[in-house]
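Chain naming here is simple, since letters A, B, ... match the order of the sequence lines and numbering starts at 1 in each. Just so we're clear, the structure is a prediction, and the values are computed from it rather than from any experiment.
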Amino acid sequence: MIKYLKEYRFYIILFLFLLIPITAIDTSTRAPRNHRFYDRVILGITSPIQTAISISLDQIVSTFQNYVYLLSTRQENLQLVEENRRLLNSIASLQETQQENLRLRKLLAFQENFRLDTVAAAVIAKDVSPEFRAIRINRGENSGIQRNMAVVTAEGIVGRVFRTTANSADVVTVLDLLSAVDAIVERSRARGVVEGMTDEVCQLKFALRTDDIQPGDLLISSGLGSIFPKGIPVGLVSKVNRKAFGITQDVEVRPAVDFSKLEEVLVVTKIHSEPLLERAESREKEKAEAAAVARSGR
Amino acid sequence: MIRLFLRTANAPVLILLVALGIAIQTALFASPPLSWIQPDIVLIAVIWCSLRRNLLEGGILTLIFANIAEIHSSAPQGAMLVTYMAVYLGVRAAAKFLVLPNRTSLIFLTMGSAMLWRLAMLILIHLLGAGANLWRHTLIYLFPGAVIEGAIALGLYRALDRFDGVTFKSPRAQHILEDEVQLEGEGL
């Protein structure tokens with residue numbers, strides 16, 4: 001037996017080296033998977049280094065920029081004071097508009113009002129391979145981040161958390177091949193799934209050929225799948241190719257988020273989706289019940 | 001004794017160095033335009049292993065390196081193991097038939113391997129049914145990526161050569177170590 005093993009040692013090793021990677025392939029490419037124990041050991045070494053490099057780079061860039069900006073600081077300062085005054089006025093006006101808007105929404109019970117619990121995080125690294133578009137953020141399980149949480153910015157959807165460690169998390173962005181976000185066209189309410197293409201654009205799949213989709217249309221998250229809150233911008237339609245036949249149309253989407261300038265993100269840890277009208281109704285109900293109790297007591 | 005310890009520490013330290021290399025690569029080349037000239041540290045380490053290690057040791061190191069790369073990527077599980085192993089075995093086979101007299105030939109081999117890796121990844125992703133549009137991205141990156149890989153490989157191969165020398169893993173240092181162990185055994 002040992003003689004044969006020695007004789008065919010080369011072929012046995014070769015066979016094992018071919019077999020191990022093939023058996024390791026995960027065919028369910030979209031299924032979320034978390035780090036194993038030994039992965040976490042490696043990440044325990046690499047994550048702090050990534051954070052340190054990221055912070056150092058930021059410091060270098062900001063020092064350089066501060067030096068450059070110092071040249072025209074006084075002039076900019078005056079401009080900023082003026083801009084600040086204007087913005088304060090705008091904020092006051094917007095707050096008034098917001099209040100009015102809330103009242104109208106409550107009256108019409110037209111749309112759900114979402115409140116989100118979020119955790120702010122900084123991007124510390126990107127994917128090791130240019131074929132994939134994941135990013136790593138500096139917050140993890142210790143900050144309450146879990147797999148399949150939505151990651152957003154003020155501009156729109158960034159992606160979803162697909163792996164976590166204690167102090168870092170990997171986010172698969174909407175540009176990634178493995179990303180899929182259920183979306184609707186804001187104007188026509190046409191539905192589809194936004195998938196990454198690795199390049200700077202995504203594609204809207206499964207949009208029917210008869211759907212009204214035009215370049216410039218805004219795509220928002222549909223809220224299906226319970227990962228992304230409803231109504232968050234996903235991107236703008238940049239190209240539509242509608243053939244004379246077939247079931248679907250080819251729609252190219254430019255993400256709402258500028259990934260080349262992505263530095264900070266918000267991880268949505270909880271979605272409060274209690275509609276305003278329901279909240280108002282429940283409050284009225286509570287008041288009525290309290291009054292009834294008071295009357296019966298009397 | 002210290003020399004034997006250094007020789008034993010060669011592989012774990014090499015793994016650690018690759019992990020550090022990936023950390024630097026992913027953090028330093030995170031934003032454009034630097035992301036466009038991102039080299040692949042793992043690929044260079046894999047090529048190095050295929051040329052300077054025996055089949056078993058090199059293969060195990062390749063699997064470990066590929067796993068480290070995979071945990072820093074959103075690539076489907078096993079994709080990097082397959083592609084890096086393909087490069088490892090491909091380079092080993094090529095080294096059997098090709099003569100690599102100097103560093104220039106090594107650079108060309110690295111460039112070829114970089115292209116092989118990208119094509120292997122493209123084929124694999126297609127087989128998994130995930131990357132219908134990856135060919136465009138691969139075409140853009142294929143040649144520039146190979147050139148960058150070749151350029152950075154020169155310095156890294158030198159550093160790895162030196163590392164092997166320090167840890168008594170290079171053939172020359174290995175002979176010296178074996179002679180010393182033999183002399184010690186004979187009481188000299």
Which answer fits [X], side chain, backbone, both or neither, if we ask what part of it has an atom under 4.5 Å from a heavy atom of chain B?
{"X": "A:V201", "value": "side chain"}
{"X": "A:D39", "value": "both"}
{"X": "A:Y38", "value": "side chain"}
{"X": "A:L57", "value": "side chain"}

Report yes if some heavy atom in the side chain of [X] is under 4.5 Å from a heavy atom in the side chain of [Y]; otherwise report no.
{"X": "A:L262", "Y": "A:V257", "result": "yes"}
{"X": "B:H72", "Y": "B:Q25", "result": "no"}
{"X": "A:E263", "Y": "A:V123", "result": "no"}
{"X": "A:L175", "Y": "A:C202", "result": "yes"}
{"X": "B:L81", "Y": "B:L63", "result": "yes"}
{"X": "B:M121", "Y": "A:F132", "result": "yes"}
{"X": "A:T153", "Y": "A:E264", "result": "no"}
{"X": "A:R191", "Y": "A:F206", "result": "no"}

Exercise for the section: Considering only heavy atoms, give the residues of residues 39-54 of chain B separated from chain A by less than 4.5 Å, sorted numerically, with 'none' for an empty result. Expected result: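 Hits under 4.5 Å: none found.
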Exercise for the section: Pull out the residues in residues 150-165 of chain B that come under 4.5 Å of chain A, heavy atom to heavy atom, sorted by number. Expected result: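 Those residues of residues 150-165 of chain B which would need a heavy atom under 4.5 Å from chain A do not exist here.
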Practice task
Measure from the side-chain N and O atoms of B:T26 to the backbone N and O of B:A23, and report whether any donor-acceptor pair falls under 3.5 Å.
Solution key: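 Yes.
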Problem - Heavy-atom pairs under 4.5 Å with chain B, option from A:L14, A:T46, A:L18, A:D127 with the top count - result: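 Between A:L14, A:T46, A:L18, A:D127, the count favours A:D127.
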Practice task
Specify which of A:P48, A:S129, A:A52, A:S54 makes the most heavy-atom pairs with chain B at under 4.5 Å.
Solution key: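 Option with the greatest count: A:S129.
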Exercise for the section: Start with the C-alpha distance between A:E141 and A:T164, add both sets of side-chain angles, then the distance that settles side-chain hydrogen bond (donor to acceptor under 3.5 Å, both in side chains), and finish with yes or no. Expected result: CA-CA 6 Å; A:E141 287 154 6; A:T164 55; 2.9 Å; yes
Practice task
Name the option with the most non-hydrogen atom pairs under 4.5 Å to chain A; the candidates are B:V82, B:L89, B:I22, B:I15.
Solution key: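 If we count pairs closer than 4.5 Å to chain A, B:V82 comes out on top.
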Practice task
For the pair A:V171 and A:V265, evaluate side-chain contact (heavy atoms from CB on, under 4.5 Å) and give the outcome as yes or no after the intermediate values.
Solution key: CA-CA 10 Å; A:V171 178; A:V265 294; 5.9 Å; no
Practice task
Evaluate side-chain contact (heavy atoms from CB on, under 4.5 Å) for B:F29 paired with B:I24, printing each intermediate quantity in order.
Solution key: CA-CA 8 Å; B:F29 295 90; B:I24 294 167; 5.7 Å; no
Problem - Crowding at CZ, A:R36 (>12 non-hydrogen neighbours, <6.0 Å) - result: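 Counting other residues, nucleotides and ligands, CZ of A:R36 exceeds 12 neighbours.
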